[in-house]
Amino acid sequence: MIPALLALALALPQDPPPAPAVALAEFLSLPADVQAQLVDQLEARLAALELPAAQRIRALAGKPETGWAVAEPAPIHDPAVWAKDVAPPRTLLRADDERHARVRAKVPSLAFLPDLAWQVRYDWAKAAIVRRADPLGLEERFANACHGYLPGSDRAAARVLAALDQDPAQRKLGAYFAHLYADLDARVFDGITLHEVWASGQQLDVPDVDAIPFAVLILNDRSYRSPIPANARRSRLYEQIKRQAFLHRRHRGQLEAAAGAALRAEPAMDPVYALMVPRFHFLWSQGGDDPLALRKILAGSKDRDALLDKVDQQIRTQPEAFQRRESRRDELAALERRVRELAAEALRAAKAR
């Protein structure tokens with residue numbers, strides 16, 4: 001009877017894991033030595049997971065590299081370089097400034113996987129993987145598990161983006177649009193990038209200090225000087241920035257959809273391009289979960305939008321293609337649930353000691 005009762009108990013629905021914020025608050029209430037033991041034991045269990053999605057993510061993550069540079073603050077266009085003796089020095093406004101809050105209310109954040117604490121990430125400004133100077137703390141490591149992430153998920157996403165972002169023209173645009181936004185009063189808004197500003201659709205200022213480097217670095221046009229006259233030529237320059245911002249958002253959004261689909265069934269990211277994630281679940285399965293194979297698939301199509309339309313048609317008309325996509329997505333969802341369950345189990349065990 002005992003084995004039968006045990007089997008029945010295991011078959012009964014289990015309590016769902018607590019919300020990440022609740023679990024994290026309980027974790028922080030534990031003594032520091034208990035926290036450390038909990039995280040070490042939890043990560044050992046996560047490393048032993050043999051679920052297919054876990055094995056794929058670990059393969060993508062690989063080992064850390066000693067050559068990764070330490071991440072630097074987001075770049076700011078320098079008035080002394082681009083509008084010398086004309087534009088004033090710039091002042092950085094932090095997120096707790098009400099003026100910053102007003103701009104952020106107009107410009108939604110396009111953060112990629114904002115619920116993942118990153119040790120390494122892909123830097124669009126440098127077109128390279130960069131690392132934090134300090135390792136993830138216990139709180140961050142446990143929070144990642146509470147959100148369903150395996151250790152090394154940040155490396156996996158960074159390596160996917162680095163493998164896919166190979167277009168030299170888009171790399172130049174990535175470096176430009178990764179700069180922080182500034183208004184006409186030379187106020188720079190910490191954490192708000194030109195990429196986000198142009199994606200917002202808002203009518204915001206374009207200081208000469210940001211317009212001139214676009215002309216020089218992207219258009220190879222050194223004819224603009226500050227102050228730029230408010231004429232048709234300036235309007236054409238702004239339209240070129242707007243056009244290239246759109247093209248870069250599409251490029252970056254598609255690559256983030258690919259990287260997100262490597263880790264999650266439904267990754268948190270730019271909502272416009274999150275719609276592409278199901279297509280990349282299929283393309284990952286088609287490419288054997290190899291970033292270089294996926295890059296080859298993308299590069300083999302002159303029109304990436306046409307490629308994605310073709311994927312949609314395959315999924316609609318070929319039952320095996322639909323099943324391949326759904327199976328891969330289900331595996332990722334199952335992994336996320338299992339990681340969260342193991343985090344909850346570790347927390348319960350630690351509290352019971």
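One-based numbering along the sequence shown. Computed over heavy atoms, backbone and side chain alike; hydrogens, waters and symmetry mates excluded.
Here the side chains of L113 and E256 are not in contact, with every heavy-atom distance at 4.5 Å or above. Considering only heavy atoms from C-beta on, L49 comes within 4.5 Å of V339 through its side chain. Y273 places none of its side-chain heavy atoms less than 4.5 Å from the side chain of R252. When side chains are defined from C-beta on, R90 counts as touching P79, because their heavy atoms get closer than 4.5 Å. At a threshold of 4.5 Å between non-hydrogen side-chain atoms, the residues K351 and R348 do not count as touching. You'll find the side chain of V311 stays beyond 4.5 Å of the side chain of R325, heavy atoms only. The shortest side-chain heavy-atom distance between F177 and I241 falls under the 4.5 Å cut-off. Looking at heavy atoms from C-beta onward, Y122 lies out of side-chain contact with V160 at the 4.5 angstrom threshold.
Rounding to the nearest 0.5 Å places CD of E320 at 12.0 Å from OG of S327. With values rounded to the nearest 0.5 angstrom, L347 atom CG is found 11.0 Å from E345 atom CD. To the nearest 0.5 Å, atom CG of residue L138 and atom CG of residue L30 are 11.0 Å apart. Atom CZ in F282 sits 12.5 Å away from atom CD in Q323 (nearest 0.5 Å). Within the model, atoms CG of L255 and CZ of F280 stand 7.0 Å from one another, a figure rounded to the nearest 0.5 Å. Residue D305 holds its CG atom at 5.5 Å from CE of M276, rounded to the nearest 0.5 Å.
Between W118 and F112, the ring-plane angle classifies as tilted under the 30° and 60° cut-offs.
By the 4.0 Å N-to-carboxylate-O rule, R236 lies too far from E239 to be salt-bridged with it. With respect to R329 and E326, a salt bridge is recorded, a charged nitrogen being found less than 4.0 Å from a carboxylate O. R328 has a carboxylate O that lies under 4.0 Å from a charged side-chain N of D289, or vice versa, which qualifies the two as a salt bridge.
Using a distance-only test at 3.5 Å, with no hydrogens or angles considered, a donor-acceptor pair links the side chain of Q35 to the main chain of F27. Without hydrogens or angle criteria, D33 side chain to A36 main chain gives no donor-acceptor distance under 3.5 Å.
No hydrogens or angles considered: a donor-acceptor pair under 3.5 Å links the side chains of D115 and Y149.
A chain of hydrophobic side-chain contacts below 4.5 Å, direct or via other Ile, Leu, Val, Met, Phe, Trp or Tyr residues, connects L173 to L237.
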Begin with the C-alpha distance, continue with both residues' side-chain angles, and end with the deciding distance and a verdict on salt bridge (Lys or Arg N to Asp or Glu O under 4.0 Å) for K310 and D303. CA-CA 11 Å; K310 181 180 177 182; D303 185 340; over 6 Å; no
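Remark: of the listed residues V277, L116, L332, V277 is the sole one forming a side chain to side chain contact (heavy atoms under 4.5 Å, CB included) with P267. Tested against D97, the residues R94, R99, H100 include a single side chain to side chain donor-acceptor pair (under 3.5 Å) partner, R99. Under the side chain to side chain contact (heavy atoms under 4.5 Å, CB included) test applied with Q254, the options L307, L164, L308 reduce to a single match, L308.
Proximity of the aromatic rings of Y176 and H77 is defined here by a centroid distance below 6.0 angstrom, and this criterion is met.
The side-chain hydrogen bond (donor to acceptor under 3.5 Å, both in side chains) pairs that include a residue from residues 151-164 are E65-R159, where partners are two or more places apart or lie in different chains.
Taking a 6.0 Å sphere around CZ of R353, one finds it holds more than 12 heavy atoms contributed by other residues, nucleotides or ligands.
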